Amino acid sequence: MLQISRIRSEKENIATALKKRGWDDSQLDILNRVIALDDDRKSVQSATDELLSRRNQLSKEIGNLFKSGKASEANEAKSEVETLKTTIATNETKMSAIKEDIEAILLSIPNVPNILVPNGLTESDNEITKDWTTTLPELPESALPHWELGKKYDILDFELGVKLTGAGFPVFRKKGSRLQRALINFFLDEANNQGYEEIVPPLLVNEDSAKGTGQLPDKEGQMYHVTKDGLYLIPTAEVPITNLYRNDIVREDELPIKLTGYTPCFRREAGSYGSDVKGLNRVHQFDKIEIVQIVHPDKSYETLDQMVGYVETLLTKLELPYRILRLCGGDLTYASALTYDFEVYSAAQKKWLEVSSVSNFETFQSNRLKLRYKNAEGKNQLAHTLNGSALALARIIAALLENNQTDEGIKIPEALRKYTGFDILN
RNA sequence: GGAGGAAUGGCAGAGCUGGUUUAAUGCACUAGUCUUGAAAACUAGCGUGCGGCAACGUACCGGGGGUUCGAAUCCCUCUUCCUCCGCCA
């Protein structure tokens, strides 16, 4: 959520930037509308504050008058307050209506894209900032996609998942389970080595948390909702981990705050279909290690680059061919100012699979979260928040299985062997 | 699930027979004095949002609603925590 003060002071820049998201002039007019509403709010509030001030003053006098036995004067003051009260009540009703309107508009405005965000509205406009195309692995004709390999080695069973739950809930078995756990431990150890504090958060969150990181109201249909208790299954560890600092004011010297956590992630993926959803490409439950940083505003883009660099080291250690995309305005998620997507090449499918998304949210989340730090002058400022997948497991497994298949079995990358306990999966 | 008690500013903890409390006091914290330095002592400052250039005004005592001229204080409701009982990894 943008701050109204920022819309006031940077309206033109914001408008220009939002055009990258495909906003036209008529949509941009809500910037003017929200400023006008805020003007109304200010004038109503000033008027109301004055009335309240008068009421408080009179109430004090009434108390004193009664004490000194001047009942008739007290009753006179009382009746004045009575008339004040009705005006105050109408003002307050008016003000809460205005505030609701402002809030609704602010919630409907996505984050302002950074200057680096490429123009364009579709996937094809994403800018490839790093590409391995020349060195893509070549597999023999007999190469199998990961869902076939899963059957062949009895490590991955989609039918059993359907039996237990439904489509998109795969079951891992035998060395597949072990591989899953190995990846989780590998990613967590790497993150710990980089100074990220490990968190084990709840997997269900309340509405306030879902709002804090922007899942609500934007992605309501994508989350599993436990209506009986008003809770949501987390679509990513970002939600509970970032909300750890909701409504907090931290000391400037506590920044940067670096957090990581492994959780299963639950996504309804409503409306998905086709070959994109086959096998592990898109599932309703998958495991992910998330990294989150809360940083000083001056440092957030530097931090974004560091986080991108960190995710690169993971993919390099796993020996997977990857490319990095800088998302264009149309592909940028609602809350993000700048996002880099990582895609891994899945050789048997001949497909690029998104395995990580690293974003800078600037103050978009922190404004909603009320996540501030106290600066040197003692003033409270919104911090910047960032997060990234490091990494999402299901698609990594798909790529590992496909790219590393040999006649003897699946070769496990060197870096992972101490975690799996085997060099080859067969 | 049942019965009782509680929720106050970073922490502790008054106020809770409604009116100089727009929240005492202590600790912690910040700055200064003193000191070779530190500690101690002393002095001052020290919650958040909104409006305002400022002075200042206003709102916030778990959330929401109500009574009243006036609510941290009374009433209703929700949430959370504690104690006891029941059930249970």
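Convention: sequence-line order gives letters A, B, ...; per-chain numbering from 1. For clarity, every value in this text was computed on a predicted model and none was experimentally measured.
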Report summary line: With sugar-phosphate taken as primed atoms, P, OP1 and OP2 and all else as base, the protein-contact string of nucleotides 48-67 of chain B at under 4.0 Å (heavy atoms; B, S, -) is SSBSS----BSS--------
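Look at CG on A/Asn375: it is 14 Å from C1' on B/rU30, rounded to the nearest Å. Separating the CG atom of A/Asp208 from the P atom of B/rU80 is a distance of 13 Å, rounded to the nearest angstrom. Atom C1' of nucleotide B/rU30 and atom NZ of A/Lys379 are separated by 19 Å, given to the nearest angstrom. B/rG18 atom C1' lies 15 Å from atom NZ of A/Lys60, rounded to whole Å. When the C1' atom of B/rG19 is taken as reference, atom CD1 of A/Ile62 falls 10 Å away, rounded to whole Å. Rounded to an integer number of Å, the gap from CG of A/Asn206 to C1' of B/rC78 is 14 Å. For the pair A/Glu254 CD and B/rG10 C1', the computed distance is 11 Å after rounding to whole Å.
Comparing the same atom, C1', in B/rC75 and in B/rU21 gives a spacing of 23 Å after rounding to whole Å. Spacing of P atoms, B/rG10 relative to B/rG47, comes out at 10 Å, to the nearest Å. Taking atom C1' on both nucleotides, B/rC53 is separated from B/rA39 by 44 Å, rounded to a whole Å.
Scanning both residues, A/Glu207 and A/Tyr232, for their nearest heavy atoms gives CA-CE1, 4.2 Å. Of all the heavy atoms in A/Tyr310 and A/Ala390, the pair that sits closest is CE2-CB, 3.8 Å.
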Query - For RNA chain B, the dot-bracket pattern of Watson-Crick and G-U pairs whose distances stay under 3.5 Å, | for other-strand partners - result: ((((((((.[[[..)...(.....]]].(((((.......))))).(((((....))))).[[[[[..)....]]]]])))))))....
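Heavy atoms of A/Glu80 sit nowhere under 4.0 angstrom from any nucleic acid atom.
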